[in-house]
Amino acid sequence: MSEAEGLRQRRPLRPQVITEESPPQDAKEGSTYSSKVFRVTFLSLAVSVAVPLLGVTLLLDCPIDPQPISLKEPPLLTGVLEPNTKLRKAERLWENQLVGPESIVNIGDVLFTGTADGKIIKIEDGEIQTIARIGHGPCGGREDESTCGRPLGMRVGPNNTLFVADAYYGLYEVYPDTGEVKMLVSTKTPIEGQKLSFVNDLTVTRDGRKIYFTDSSSKWQRQDYLFLIMEGTDDGRQVSPSQGIQFALLSQETVMKFVPKYSLVVELSETGSYKRSFHDPNGVTVAYISEAHEHNGHLYLGSFRSPYIGRLDLQHV
């Protein structure tokens with residue numbers, strides 16, 4: 001039941017006065033104005049008492065501990081960041097055949113991604129095939145994520161295996177040919193005394209010998225990401241299973257990831273300078289972009305909730 005519905009059900013009743021004798025009809029008509037004043041006064045008093053009590057109750061039951069944050073001034077959208085509509089030239093692939101393909105990689109011309117129902121899939125010659133699953137069913141809605149699993153970040157390893165960050169289970173290596181799943185880091189194992197609650201993304205060094213992955217919170221799981229945003233704590237971190245742990249303040253970046261619909265992809269140089277940008281104001285064609293993957297002259301656009309993969313032909317923008 002929503003809060004609004006709860007408030008409607010708890011709407012204060014109008015007062016009813018019962019006496020032993022019913023008043024004469026003329027007296028009843030004469031008291032109409034007084035009755036209205038009484039009702040208005042009573043309702044006003046009831047609201048003035050009920051609203052603060054409701055607020056106190058919500059605060060006492062509130063699961064979050066909000067922290068103050070301050071966001072830096074965003075860069076001016078000028079030069080290569082000048083707003084445009086280039087992303088609206090993207091096409092939607094496999095629409096309504098998959099949901100939430102957050103991270104996209106390729107081995108040759110075969111694409112791989114993880115979806116909202118816990119699957120790790122490959123797309124070959126346009127056909128979608130499930131190759132592995134880290135969690136187990138049922139896999140129906142958001143409430144099932146913690147058991148079903150939610151593969152998020154994905155990268156290809158040096159031996160053409162897939163390294164996958166699952167929000168609830170941890171870091172895994174998946175063998176595409178056989179579907180074998182090998183656990184590398186479990187969320188059940190605390191690191192530096194803190195549990196892994198929201199494993200999010202990863203990257204592999206060029207020599208393939210080290211993996212760094214992010215844990216967006218040591219308190220909130222992915223299905224509670226709105227609490228993470230509202231709380232604004234800085235307990236996210238960057239972890240290397242082979243090199244100990246490095247801390248990074250990820251809360252503001254996490255907040256920015258869920259800013260209202262304005263799709264933007266920025267290409268950076270190796271030194272971090274802006275090279276070019278692709279925009280879709282209001283997310284008309286592609287929305288909720290989580291990752292961009294370049295392959296064969298196209299930009300493949302992942303999303304944490306959209307029911308498609310976006311593809312942009314870079315030769316025509």
Side-chain angles (χ1 to χ4, degrees), residues 84-135 139 141-142 145 148-157 160-167 172 174 176 179 199-204 222 225 257-268 276-317:
N84 56 63
T85 57
K86 292 180 178 180
L87 277 182
R88 291 184 181 174
K89 296 181 180 181
E91 56 183 328
R92 294 180 177 183
L93 303 179
W94 304 287
E95 189 165 10
N96 296 322
Q97 298 181 52
L98 73 178
V99 177
E102 172 140 341
S103 185
I104 302 166
V105 299
N106 72 282
I107 299 177
D109 288 329
V110 181
L111 299 179
F112 297 87
T113 188
T115 55
D117 56 359
K119 297 177 182 177
I120 298 169
I121 65 173
K122 74 174 183 179
I123 306 175
E124 186 174 13
D125 297 328
E127 297 295 324
I128 297 175
Q129 179 182 345
T130 301
I131 62 170
R133 182 190 291 276
I134 294 174
C139 299
R142 187 172 66 92
E145 277 195 0
C148 181
R150 180 57 168 106
L152 297 177
M154 182 180 297
R155 298 293 183 274
V156 177
N160 281 342
T161 60
L162 304 175
F163 292 116
V164 180
D166 187 281
Y172 286 77
V174 177
V199 179
N200 198 335
D201 203 1
L202 75 153
T203 189
V204 183
R222 183 194 176 277
Y225 73 88
K257 186 175 180 179
F258 296 96
V259 161
K261 288 184 182 179
Y262 186 105
S263 298
L264 170 63
V265 176
V266 179
E267 182 180 4
L268 303 176
R276 53 180 173 170
S277 64
F278 309 93
H279 302 241
D280 180 2
N282 302 318
V284 173
T285 302
V286 285
Y288 307 111
I289 295 177
S290 56
E291 187 175 298
H293 175 70
E294 187 175 0
H295 174 58
N296 275 353
H298 291 84
L299 203 60
Y300 289 87
L301 307 170
S303 171
F304 65 94
R305 64 178 297 179
S306 295
Y308 54 80
I309 291 176
R311 185 175 68 177
L312 180 68
D313 188 341
L314 294 175
Q315 296 180 350
H316 295 98
V317 291

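Note that the structure is predicted; figures quoted are calculated from it, not measured.
Side-chain contact between Leu87 and Thr285 is absent, with no heavy-atom pair separated by less than 4.5 Å. Counting heavy atoms from C-beta on, the side chains of Asp166 and Val199 never come closer than 4.5 Å. Counting only heavy atoms from C-beta outward, the side chains of Thr115 and Ile121 approach each other to under 4.5 Å. In this structure the side chain of Phe112 never reaches within 4.5 angstrom of the side chain of Val156, judged on heavy atoms.
Residues passing the side-chain contact (heavy atoms from CB on, under 4.5 Å) test with Lys86 are Asn84, Phe278, Val317, sequence neighbours excluded. Taking the side chain to side chain donor-acceptor pair (under 3.5 Å) definition, one finds that Arg88 meets it with Asp280, sequence neighbours left out. Evaluation of the side-chain contact (heavy atoms from CB on, under 4.5 Å) rule for Arg155 yields Ser103, Asp201, Leu202, Val204, Glu291 as partners, not counting sequence neighbours. Residues passing the salt bridge (Lys or Arg N to Asp or Glu O under 4.0 Å) test with Glu267 are Lys275, Arg276, sequence neighbours excluded. Not counting sequence neighbours, the partners of His279 by the side chain to side chain donor-acceptor pair (under 3.5 Å) test are Tyr262, Ser277. Under the side chain to side chain donor-acceptor pair (under 3.5 Å) criterion, Asn160 pairs with no residue at all, not counting sequence neighbours. Considering only residues two or more places apart in sequence or on other chains, Thr203 meets the side-chain contact (heavy atoms from CB on, under 4.5 Å) condition with Tyr212. Legend: residues meeting side-chain contact (heavy atoms from CB on, under 4.5 Å) with Pro307, ordered by chain and number and at least two apart, are Asn96, Val99. Checked against ring-ring contact (aromatic ring centres under 6.0 Å, His included), Tyr288 has the following partners two or more places apart in sequence or in another chain: Phe304. In terms of the side chain to side chain donor-acceptor pair (under 3.5 Å) criterion, residue partners of Asp109 (sequence neighbours excluded) are, by chain and number, His295, Asn296.
Rounding to the nearest 0.5 Å gives a distance of 9.5 Å between NE2 of His293 and CG of Leu299. Interatomic distance, Arg311 CZ to Trp94 CH2, rounded to the nearest 0.5 Å: 6.5 Å. For the atom pair OG1 of Thr113 and CG of Leu98, the computed distance is 7.0 Å after rounding to the nearest 0.5 Å. Interatomic distance, Asn106 CG to Lys122 NZ, rounded to the nearest 0.5 Å: 14.0 Å. Taken to the nearest 0.5 Å, the CD atom of Glu102 stands 12.5 Å off from the CZ atom of Arg305. Note that CD1 of Ile309 is 4.0 Å distant from CD1 of Ile123, once rounded to the nearest 0.5 Å.
Nearest heavy atom pair, residue Pro101 against residue Ser306, reads CD-O, 3.4 Å. The two residues Ser263 and Ala287 make their nearest non-hydrogen contact at OG-CA, 3.6 Å. Smallest separation of non-hydrogen atoms from Ala90 and Leu301: CB-CD1, 4.5 Å.
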Going through the distances and angles, do Leu312 and Lys89 end up as a side chain to side chain contact (heavy atoms under 4.5 Å, CB included)?
-> CA-CA 7 Å; Leu312 180 68; Lys89 296 181 180 181; 4.0 Å; yes
Could you go through the side chain to side chain contact (heavy atoms under 4.5 Å, CB included) check for Tyr308 and Leu93 one step at a time?
-> CA-CA 6 Å; Tyr308 54 80; Leu93 303 179; over 6 Å; no
Side chains of residues 127-135: which donor-acceptor pairs under 3.5 Å do they make with residues two or more places apart or in other chains?
| residue | atom | partner | partner atom | Å |
| --- | --- | --- | --- | --- |
| Arg133 | NH1 | Asp117 | O | 2.6 |

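For the pair Ser303 (side chain) and Ile289 (backbone), a donor-acceptor distance under 3.5 Å is absent.
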